[in-house]
Amino acid sequence: MIRFVFPLFLLLLAACAPTVANRGTIIDPEKLAQLTIGQSSREEVIQILGSPTQVATFDENTWYYFGCSTKQYSFLNPEITAQSAVSLQFDEAGILASIHTYEEGNAKKIAPVARRTPTYGRETTVFEQLLGNLGRPRGSSDIRQAR
């Protein structure tokens, strides 16, 4: 009996391990401290922080570094464990002009819209999708017909 209970217990315990997901770049404050306003060039910034997550759409001199780390247990909603946002502004010569770090309090939760985009055609049920091809003749892509 114990031979079956112990492996089952280990399997259930392993199922409780969280899934960790990292998106973007979470900037280490020590690396950010290596940058000097008025002296650090774009190349130095890339060497220290890496490529930016995004360059501003209408201003090539503004770089953004966004990052988010989440932890999720099985089917539960993910929990944010770390989040950062930093913007770097360069002057026309490519020298760092300013650094702005956004705090977590600046983040806003956005509720997704529940509406659906209308599509044309008819909706098929799960059974129609699974059983819909039964009894239909095979197309010209069938290997037997292609020979």
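One-based numbering along the sequence shown.
- A distance of 10.5 Å separates OG of S84 from CD of E103, quoted to the nearest 0.5 Å.
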Could you go through T62 and V55, starting from their C-alpha distance and side-chain angles, then the distance that decides it, and tell me whether this counts as side-chain contact (heavy atoms from CB on, under 4.5 Å)? CA-CA 6 Å; T62 303; V55 176; over 6 Å; no
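- Each of T81, I80, V20 was compared with T70 under the side chain to side chain contact (heavy atoms under 4.5 Å, CB included) criterion, and only I80 meets it.
- With Q72 contributing its side chain and L76 its backbone, the two residues share a donor-acceptor pair below 3.5 Å.
- Within the 3.5 Å criterion, the main-chain N or O of G24 finds no donor-acceptor partner in the side chain of T53.
- For the residue pair Q129 and T124, a side-chain donor N or O sits within less than 3.5 Å of a side-chain acceptor on the partner.
- Taking a cutoff of 4.0 Å between a charged side-chain nitrogen and a carboxylate oxygen, R116 and E123 qualify as a salt bridge.
- Going from atom OG of S87 over to atom CD1 of I99 covers 9.0 Å, rounded to the nearest 0.5 Å.
- Interatomic distance, CD of E92 versus CD of E60, reported as 9.5 Å (0.5 Å rounding).
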Step by step, work out the side-chain contact (heavy atoms from CB on, under 4.5 Å) result for R42 and W63. CA-CA 10 Å; R42 291 179 192 215; W63 289 5; 3.9 Å; yes
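- The structure places CG of D28 at 8.5 Å from CD of Q34, a figure rounded to the nearest 0.5 Å.
- In the hydrophobic cluster analysis, where Ile, Leu, Val, Met, Phe, Trp and Tyr join through side-chain heavy atoms closer than 4.5 angstrom, Y102 is grouped apart from V86.
- Using the six-membered ring where Trp is involved, Y64 and F66 have ring planes that are parallel, under 30° apart on the 30 and 60° scheme.
- Side chain of Y65 to backbone of G50: a donor-acceptor contact under 3.5 angstrom is found.
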How far apart are the C-alpha atoms of V45 and L88, what are their side-chain angles, what is the distance that settles it, and do they pass the side-chain contact (heavy atoms from CB on, under 4.5 Å) test? CA-CA 9 Å; V45 171; L88 304 178; 3.6 Å; yes
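- Nearest heavy atoms, Q39 versus I95: N-CG2, 3.7 Å.
- N61 and D91 make their closest contact through OD1-O, 3.8 Å (heavy atoms, listed as atom of the first residue, atom of the second, distance).
- The structure places CG of L35 at 5.0 Å from OG of S40, a figure rounded to the nearest 0.5 Å.
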Full working for side-chain contact (heavy atoms from CB on, under 4.5 Å) between D59 and Q89: CA-CA 9 Å; D59 182 15; Q89 183 73 36; 3.3 Å; yes
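- Of all non-hydrogen atoms in S98 and I37, the two that sit nearest each other are CA-CD1, 4.2 Å.
- Considering every non-hydrogen atom in both N22 and S69, the closest pair reads OD1-OG, 2.8 Å.
- By the neighbour-count criterion of 12 heavy atoms within 6.0 Å, atom CD of E128 is densely surrounded, having more than that number from other residues, nucleotides or ligands.
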